Amino acid sequence: MATKKKTVSKKTSARATPSRGTAKRTTPAKPSAPAARARKPRASARPKAAPRRATPRAAKASKARSTEYRPQEFEAAWMATWEASHLYKTTPADERPKAYILDFFPYPSGDGLSVGHCRNYVPTDVLSRYHRMRGYNVLHPMGWDAFGLPAENAAIKLKTNPAKLIERFSANYKRQFRLLGISFDWDREINSSKPEYYRWTQWIFLQLYQAWFDPRTKRARPIAELEAELARRGSGDISGAKPMTAEAWTRMTLAQQREYLSTFRLAYRAPAEVNWDPVDKTVLANEEVVDGRGWRSGALVERKRLMQWFFRITAYADRLLADLDTIDWPEHIKTMQRNWIGRSEGAEVDFATQAGPLRVFTTRPDTLWGATFMVLAPEHAAVARLTTPEQRAQVEAYAASARRMSEADRTAAEKDKTGVSTGAYAVDPVDGRRIPVWVADYVLSGYGTGAIMAVPGHDERDFAFALKYGLPILPVIDRTDGLTKSFALGGTMKEGFAEALRREAIPFEERQGSLYITIPPAKVERYIEIAAQHVRPDSWNEVVGTRWLFIFADGLQRWDGMESEQRILARCQALEPDVRGKRTVMEMLHSVEFYRDALFHAEYGDMIHSGEFSGTPGEVAVARVTQWLEREGKGTRRVNYKLRDWGISRQRYWGTPIPVVHTEQGEVPVREEELPVRLPDVDSYEPTATGESPLATIPKFVNVTLPDGTRGRRETDTMGTFACSSWYFLRFADPHNKEAAFDKEQAAYWLPVDMYVGGAEHAVMHLLYARFWTKVLHDLGFVPFVEPFKRLRNQGMILAPDGKEKMSKSKGNVITPDEVIAEYGADALRAYEMFISEFEQTTPWNTNGLAGTYRWLRRAWELLLARATPPPAGETTPALDRDLARITHKTLRKVSGDIEGFRFNTAISALMEFTNAIGEAAGRPVSAEVYHQALDALLLMLAPIAPFLAEEVWHRLARKGSVHQQRWPAFDAALAVDETVTLVLQVNGKVRDRLVVPADISEVQAREMALASESIKRWLEGRVPRQVVVVKGRLVNVVV
RNA sequence: GCCGAAGUGGCGGAACUGGCAGACGCGCACGACUCAAAAUCGUGUUCCCUUGCGGGAAUGAGGGUUCAAUUCCCUCCUUCGGCACCA
């Protein structure tokens, strides 16, 4: 093994000593106990102690600088040295390529970081350090998402100020980041709760407020341009706008104009449903409502309509969807965003009623002939108008109870559909049928038009509703699965029916004398013939599924609409008095449970029972009907989105104040030069008894006089924190700018973010909002790009060691980086965070596993410091030199590719193999030159991963400067080439022999060598090969 | 229910574009060192049969394509994540 020299680098003493800097203070878990204490078993002191055996600190401490690997002796001092020399300060734009590597904006919590959180901070740091060595200008910043409920609630509980808490918590995070050796540029630290920051959040709010989305160009434009256009020519061709002539516009009062404009603004105020806690008398966030009850009061939460602020993100739905194709993000995140946006194409169709037309949205206009009733959301404006006097009481009671129910209750009762009839009727525009209008809460007021046509034959929800309330079902789309059924009630068929079916191989089940027949698609016609022959004259049989018909002894009766229905019912009633009660054929059918799955399907099939459209193929049905509707003026093409506008109002203290003042003439935005609207310092910021923001109770804040003398009342809602985090990545480009949110050129240089890393929990919140703001800022000319994050990666979760649970304070299973670093040092922790598994994979923590990376680093340390060891006396061997050079360059290629491809676990494993190879070479006759090149490559490749170790070794070897200012070693492809390969020989796909052959062996040679192999001959047993497959440089497979 | 991801030794996990399954590490066993233990070093370690040589089976289950499947296709099971009446 490498010699353990006791000599110490002469430079060592010139450098930081362990007592210097913050070493002792920043490692609180590190006992300063003397050596004797440290060696005593301390199991009793820490019941759940990490295993002691691999513990470096068990080694005896010594005052003298030792060659033994003791990371605790130098890590903290190096961090202090690096910061003092501004090693990681981001430099201004220059000719180097840039790399912006960013972690999700963290909210600093009182619990600090766990080893699970380090899963993303360590790899992004490695990536940043790697890019610096590759000659990139790197921006790798950190800041605090400081506003929001957690801090506010914690502050209320601890009776302190949230700003003070954030100060404390973020300082702790910062301490932990330093322990870990993360190379953030702290000169760019930002805090979203500071006026210097939220001033610009308010500024962006104003940009949104002063802008509208022009549907003709699909871009945001200044609202002033809209005002000018309205004055000149009215609302004209602006789709979606409430019609307005130029004349009418100019006649409107200022307040009326403001109201009209608010239907365009990207930031607007509108009434909306909120969660209302009647005991605490406060509005709650959705997260604060658990199982329909307020989390603190336990009271049933009600819904209340209040004026709320929104951002009009729905205007950008199409662009947010389309641009997903241009970014390198995990596919599942893109899918989640697509589903969240929820685009669906369809048509809007008007149904006539006595109270005027009722408009519905449908994605299945091809099923219009199968609509048998309509359903309105309880909140629909037409409910009151339509409801007949007899139904009024019932409908109003139903609407009231629906209003009282929370969102959670509504969805909890998902399975069981409820509703009441309005007593009114509507006319289906395609065939003039009269159908009843119902009210039910399974129709949502916020989507489409809040009204639907119900097609129970082809919509699962409508089917369930129709079954419950006995509404008719009409099949109008042919089945694609071929399912066809018939139920032959005992006594309705003649003798020999079952026997005839058996002969024809039509399977059936017999229960209590009745036959349950599922007819194979190819036998349907044959079945009809047999049934017609066997049906008794006093009865009938029916076929359901791909065919809809009744079989009587004297002939078949197709069931394809209202007329045939009447004929069928009349005949059946004549034969069977029980049928008298039934009003529709479908009611007869769905009383037979066996038919249930044959009555309904939601596939796109050929149209049937649809007048002249019958027979239209399924692939073109929707398009043809939509065209026809438009031509006939019965409907229009229409796209709808599930996405709703982004509600930002919070009736809370700890957030960015919304910069608006309410006057008698309507709302007035605060002028840019008066920003920021400061959050006042107050003693009490608990939610008020009225449910208003606590800011509403502060007259000095609320009462304002505008420059023109108008008296006004300041908006007291604050913005939810997602507003703060929707632009912070821009602020990092220019964090101290006092004149602007960011300098345009700085933003254009650094952004978009090249690599963005964080958890998947923000897939549809932050990541959607940030994309939206970026697009608006682009449209308004502030940034030249439309997507903020070019590449995104989600780290997998780290579970508790049991592999089942997440780490959480309440379960007491949190492992902190502090304790691990005290034990093994930061470098071993960093290496283990990367080595533990593939980056995106969830995996359990195992502190034992750290012993592996620790041992590896120690071996590397010993080899690196013992440079003088080889070669032993004697001649060097060219073959060994070539082998060592080869693995050096292969490792370089592998590690570079792995870091860039986010495969940190295999990068570590390649470095471990490389270290092992150097260790083996150390005892052999290799030339000093090749050996030292290998060591240098190892040291430089370790620099991003184990920055402390690499720097300490660099220093002890008396090299100049910092290892972190060095270039990544150069790769030589020629040296990485293999000279020989192992050729695998197979017989019938099974490995029977292996040969070491020159790498460039020809296919012919390989084939000959394989057939000449003794073991191959043995396995052939004299048989002649039928085929020989040769894969060049890999294998030969002999097939007999 | 729908959408997405994933199932490989005792454990974490490797395996390029279909070409030697189990790299690397943990753990375990044996050996060296030690009075002893820890640490360290060395050897071995998928399972089954075999003293050995060697052979057979195996990547959630079943089937398919192929000279060859962890990898491609079909059916099913399990786990995790997301959405949840969006017409």
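All values derive from a computational prediction rather than experimental measurement. Just so it is clear: chains get the letters A, B, ... in the order the sequence lines come, proteins before strands, and each one is counted from 1. We use all heavy atoms of the structure for the numbers below, so side chains are in, but hydrogens, waters and symmetry mates are not.
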Members of residues 327-336 of chain A that approach RNA chain B, where some heavy atom sits under 4.0 Å away |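 Contacting residues: A:His332, A:Thr335, A:Met336.
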Can you tell me how far [atom1] in [N] sits from the matching atom in [M], rounded to whole Å?
N	M	atom1	answer
B:U17	B:C73	P	15 Å
B:G64	B:C28	P	44 Å
B:U71	B:U65	P	15 Å

5′-ward residue of the pair A:Thr842/A:Asn916 relative to RNA chain B | A:Thr842
For [X] and [Y], which I'm curious about, is there any donor-acceptor pair between the side chains at under 3.5 Å?
X	Y	result
A:Tyr469	A:Thr418	no
A:Thr847	A:Trp845	yes
A:Ser1013	A:Asp993	yes
A:Asn120	A:Arg793	no
A:Asp827	A:Tyr832	no

Which listed nucleotide ([options]) is nearest to the side chain of [X]?
X	options	value
A:Ile836	B:G12, B:C67, B:C85	B:G12
A:Thr363	B:A57, B:A87, B:A21	B:A87
A:Ser837	B:A14, B:G25, B:G13	B:G13
A:Phe835	B:A87, B:C85, B:G12	B:G12
A:Gln986	B:C67, B:C85, B:G19	B:G19
A:Met912	B:C67, B:G25, B:A87	B:G25
A:Leu1035	B:G81, B:G19, B:C85	B:G19
A:Arg855	B:C67, B:C85, B:G27	B:G27
A:Trp340	B:G81, B:A84, B:C85	B:A84
A:Trp1019	B:G19, B:G55, B:C85	B:G55

Mind checking if [X] touches a base, just sugar-phosphate, or nothing, with heavy atoms under 4.0 Å?
X	result
A:Thr982	base
A:Arg1026	nothing
A:Arg992	sugar-phosphate

Could you go step by step and tell me if A:Glu840 and A:Arg119 meet the salt bridge (Lys or Arg N to Asp or Glu O under 4.0 Å) rule?
-> CA-CA 10 Å; A:Glu840 304 211 336; A:Arg119 183 79 180 282; over 6 Å; no
Kindly label the base of B:G63 as syn or anti, based on whether its glycosidic torsion lies within 90° of 0.
-> anti
Parallel, tilted or perpendicular for A:Tyr442 and A:Phe465, by the 30°/60° rule?
-> tilted
Aromatic ring proximity, centroids under 6.0 angstrom, A:Trp856 and A:Phe835 |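 Ring centroids of A:Phe835 and A:Trp856 are no less than 6.0 Å from each other.
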Is there a donor N/O on one and an acceptor N/O on the other, under 3.5 Å, for the side chain of A:Arg1034 and the base of B:C16?
-> yes
Roughly how many Å is it from CG in A:Asp993 to C1' in B:G54, rounded to a whole number?
->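 My rounded result for the distance is 14 Å.
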Which base sits across from B:A39 as a Watson-Crick or G-U pair, both distances under 3.5 Å?
->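 Answer to the pairing question: none, since B:A39 forms no Watson-Crick or G-U pair.
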Under-4.0 Å side-chain N/O to phosphate OP1/OP2 contact, A:Tyr832 with B:G25 |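 For A:Tyr832, the contact criterion (side-chain N or O under 4.0 Å from OP1 or OP2 of B:G25) is not met.
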